[in-house]
Amino acid sequence: MADPSAKGVIHDLGYRHYEGERLGRAQIVRALYVDSAKGAFGIGRSAKSKVMPMLVLGAICLPAVIVAVVASVTHLDRLPGGYTSYLVKTQALIMVFVAGQAPASVSRDLRFHVMSLYFSRPLQRVDYVAAKLAALATAVFVLCALPLTILFAGALLAKLPLSEQLPDFSRSVGGAVLLALVLAGIGLVIAAITPRRGLGVASIITVLAVLAGVHGIVQGIATEQGNDSVAGYAGLLSPFSLVHGVQHSTLGADTVYPASPPGMLGAWVFAAVLVAVVGGAFGALLLRYRGVRI
């Protein structure tokens, strides 16, 4: 009979035992969300990781600061360009931010095979997807909402009527929420396809730029030919024009494109497509991570 003492011994190495409350699944999801949202701006990461997002944030806020200063100093009776058009005019910077931060959020986890570490805890795949999507959407919203808030502050400093500024500002913030959800979903789906961050960055930039270009071409041709219906529905081709169409037809914001969603039917179609894009992106991410080996 074998000696029982030879079967193994648990040694006390002198480490301090954890005696605090053991947090559960919800707290893990929250921690993943907070870390991912902060990481989108390089917070908590290396100095190199902060350069690009902070440059983009500064670049997108600079025109708003200039407009706010000019409006307050010269006492303009209205803001040049308004709130609604700002994100459309700065969409290239928003594309760069999404293209840079979506792969940083998910590609490294796939590349370094750390998904097994995530799922070794009481964290489900749906939790991981929801946390990453919410985190990137929050970061994109901050990027979009900050210059709009600067414009609003400038309008108040210029003593423009609050009753006129607040509705337009609220509509623009609502549009920023929708745009953040759409871009975060599209960006993460593309980024999750490949563990190579560089390929993910290039793919996201290409997809968003091509969609914006196709929208402009189709809408321009349809407008020249007098086909207002086709010109209006062309807004479905790009995330920016899609959100802008919902913002105009549902929230009542001013339009900056030559054509808008045609009538009530167009408003419902644009809203349905937007919901389908966000829901489809979430579903696609779930399918992607269900296929990841742990």
Side-chain angles (χ1 to χ4, degrees), residues 25-45 49-61 64 83 86-87 90-91 93-109 118 123-153 169-192 197 200-201 204 208 239-240 242-244 246-247 251 274-275 277-286 288-289:
R25 176 180 172 185
Q27 286 74 15
I28 297 175
V29 175
R30 178 180 178 275
L32 180 60
Y33 161 76
V34 172
D35 180 71
S36 299
K38 290 165 58 179
F41 293 100
I43 301 174
R45 296 181 179 174
S49 301
K50 297 178 176 65
V51 174
M52 193 279 285
M54 291 303 176
L55 283 177
V56 174
L57 183 63
I60 200 172
C61 290
Y83 301 98
Y86 194 88
L87 298 183
T90 57
Q91 60 180 284
L93 292 171
I94 302 173
M95 290 182 191
V96 171
F97 182 84
V98 174
Q101 301 315 308
S105 181
V106 297
S107 295
R108 291 182 300 181
D109 292 345
Y118 283 114
L123 183 74
Q124 304 297 320
R125 285 170 170 79
V126 65
D127 300 330
Y128 179 87
V129 170
K132 289 293 185 177
L133 182 59
L136 184 58
T138 299
V140 176
F141 171 73
V142 170
L143 180 78
C144 296
L146 185 56
L148 298 176
T149 304
I150 293 173
L151 287 177
F152 182 64
F169 173 67
S170 301
R171 295 185 190 102
S172 66
V173 171
V177 172
L178 299 178
L179 184 62
L181 289 172
V182 171
L183 291 180
I186 294 174
L188 286 179
V189 168
I190 298 174
R197 181 178 178 181
V201 172
I204 295 171
L208 294 179
F240 291 92
L242 171 63
V243 171
H244 189 75
V246 174
Q247 194 177 2
L251 302 181
L274 188 146
V275 172
V277 169
V278 176
F282 187 82
L285 287 169
L286 280 180
R288 173 67 179 98
Y289 283 98

**Student:** What heavy-atom pair brings Leu148 and Ala176 nearest, and what distance separates the two atoms?
**Tutor:** CD1-CB, 4.4 Å

**Student:** Show the nearest heavy-atom pair for residues Ala284 and Val189, with the distance to one decimal.
**Tutor:** CB-CG2, 4.1 Å

**Student:** Please list every donor-acceptor pair under 3.5 Å in which a side-chain atom of residues 127-144 meets a protein atom from a residue at least two apart or in another chain.
**Tutor:**
unit_1: Asp127; atom_1: OD1; unit_2: Arg25; atom_2: NE; d: 3.4
unit_1: Asp127; atom_1: OD1; unit_2: Arg25; atom_2: NH2; d: 2.9
unit_1: Asp127; atom_1: OD2; unit_2: Arg25; atom_2: NE; d: 2.5
unit_1: Asp127; atom_1: OD2; unit_2: Arg25; atom_2: NH2; d: 3.1
unit_1: Asp127; atom_1: OD2; unit_2: Gln124; atom_2: N; d: 3.0
unit_1: Tyr128; atom_1: OH; unit_2: Asp109; atom_2: OD2; d: 2.5
unit_1: Lys132; atom_1: NZ; unit_2: Ser36; atom_2: OG; d: 3.0
unit_1: Lys132; atom_1: NZ; unit_2: Ser105; atom_2: O; d: 2.9
unit_1: Thr138; atom_1: OG1; unit_2: Tyr33; atom_2: OH; d: 2.9
unit_1: Thr138; atom_1: OG1; unit_2: Ala134; atom_2: O; d: 2.7

**Student:** Could you tell me which non-hydrogen atom of Val182 sits nearest to which non-hydrogen atom of Pro239, and how far apart they are?
**Tutor:** CG1-CB, 3.8 Å

**Student:** Is any side-chain heavy atom of Ile150 closer than 4.5 Å to one of Cys61?
**Tutor:** yes

**Student:** Shortest non-hydrogen contact from Pro103 to Ile204?
**Tutor:** CD-CD1, 3.8 Å

**Student:** Using residues 49-59 as the side-chain source, report each donor-acceptor pair under 3.5 Å to any protein atom, sequence neighbours left out, with the distance given to one decimal.
**Tutor:**
unit_1: Ser49; atom_1: OG; unit_2: Ser46; atom_2: OG; d: 3.1
unit_1: Lys50; atom_1: NZ; unit_2: Gly42; atom_2: O; d: 3.0
unit_1: Lys50; atom_1: NZ; unit_2: Arg45; atom_2: O; d: 2.6

**Student:** Enter the distance from Leu146:CG to Leu151:CG here, rounded to the nearest 0.5 Å.
**Tutor:** 10.0 Å

**Student:** Taking only residues two or more places apart in sequence or in another chain, which ones pass salt bridge (Lys or Arg N to Asp or Glu O under 4.0 Å) with Arg288?
**Tutor:** none

**Student:** If we ignore hydrogens and angles and just use 3.5 Å, is the side chain of Tyr83 paired with the main-chain N or O of Val173 as donor and acceptor?
**Tutor:** no

**Student:** For residues Leu87 and Ser172, determine if any side-chain heavy atom of one lies less than 4.5 Å from a side-chain heavy atom of the other.
**Tutor:** no

**Student:** Say whether, by atom type as modelled, one donor and one acceptor occur between the side chain of Gln247 and the main chain of Gly174 under 3.5 angstrom.
**Tutor:** no

**Student:** Could you tell me if the side chain of Leu93 sits less than 4.5 Å from the side chain of Phe97, heavy atoms only?
**Tutor:** no

**Student:** To the closest 0.5 Å, what do you measure between CZ (Phe240) and OG1 (Thr90)?
**Tutor:** 8.0 Å

**Student:** Closest approach of Phe282 and Val126, non-hydrogen atoms and distance?
**Tutor:** CZ-CG2, 3.8 Å

**Student:** Mind checking whether Val29 and Leu123 have side chains closer than 4.5 Å, heavy atoms only?
**Tutor:** yes

**Student:** Counting N and O atoms only, with roles assigned by atom type, does the side chain of Arg125 sit under 3.5 Å from a partner on the main chain of Tyr289, one being a donor and the other an acceptor?
**Tutor:** yes

**Student:** Please evaluate residues Val243 and Leu183 with respect to the criterion side chain to side chain contact (heavy atoms under 4.5 Å, CB included), reporting the C-alpha separation (whole Å), side-chain torsions for both, the decisive distance (0.1 Å), and the verdict.
**Tutor:** CA-CA 10 Å; Val243 171; Leu183 291 180; over 6 Å; no

**Student:** Are side-chain heavy atoms of Leu285 and Val106 found at a separation under 4.5 Å?
**Tutor:** no

